[in-house]
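The block underneath contains the structure these notes are about, expressed in C-alpha cells.
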Amino acid sequence: ANHVVTFSIEEGYVFDSIVITANSSSYADVVSASSITGGTASVEGSVVTITAEEGAEVISFVASAQTRWNSLEVNYSEVA
C-alpha cells in the first residue's frame with residue numbers, strides 16, 4: 001500500500017495535534033505504526049492522537065496498509 005498522507009497548515013499557524021477516529025482499532029494501529037514526520041502518535045482503541053513537534057507546519061505519514069477513518073480533528077495555534 002504505502003500511501004502518503006500529508007497535512008500542511010497556512011503560514012502563521014502551527015499544528016498542536018491531529019486526532020483521527022478510525023473505523024476500528026486495527027485501522028488505528030495502521031496509523032500509529034506508520035513512519036510519522038512532524039509528530040508522534042499514541043493510540044487508544046480506535047482513536048489515534050498525533051502530537052505535533054513544536055512549531056510543526058507539516059505532519060505526514062506513510063501508511064503501510066489500508067486505513068479507514070470516521071472523523072478527523074485538527075488542533076492548531078496561531079504563531080505569536
Discussion item. I'd like to know if the side chain of Ser34 reaches the main chain of Val62, judged simply by a donor and an acceptor atom lying under 3.5 Å from each other, with no hydrogens or angles considered.
Written reply: yes

Please tabulate, one pair per line, all N/O donor-acceptor pairs under 3.5 Å involving side-chain atoms of residues 38-60, not counting sequence neighbours.
none

For Tyr27, the ring-ring contact (aromatic ring centres under 6.0 Å, His included) test, sequence neighbours excluded, returns none

d(Phe61 CZ, Ile20 CD1) to nearest 0.5 Å is 4.5 Å

**Report entry** Same apolar cluster: Val31 and Ile18, side chain cutoff 4.5 Å
**Finding:** yes

For Thr37, the side-chain hydrogen bond (donor to acceptor under 3.5 Å, both in side chains) test, sequence neighbours excluded, returns none

Residue set satisfying side-chain hydrogen bond (donor to acceptor under 3.5 Å, both in side chains) with Ser24, at least two apart, ordered chain then number -> Ser26

Under 3.5 Å, which donor-acceptor pairs do the side chains of residues 4-12 form with other protein atoms, sequence neighbours left out?
none

| said: Could you see if Val74 belongs to whatever hydrophobic cluster contains Val14? Use Ile, Leu, Val, Met, Phe, Trp, Tyr and a side-chain cutoff under 4.5 Å. | reply: no

Those residues at least two apart in sequence (or on a different chain) that pass side-chain hydrogen bond (donor to acceptor under 3.5 Å, both in side chains) with Asn23 are Asn70

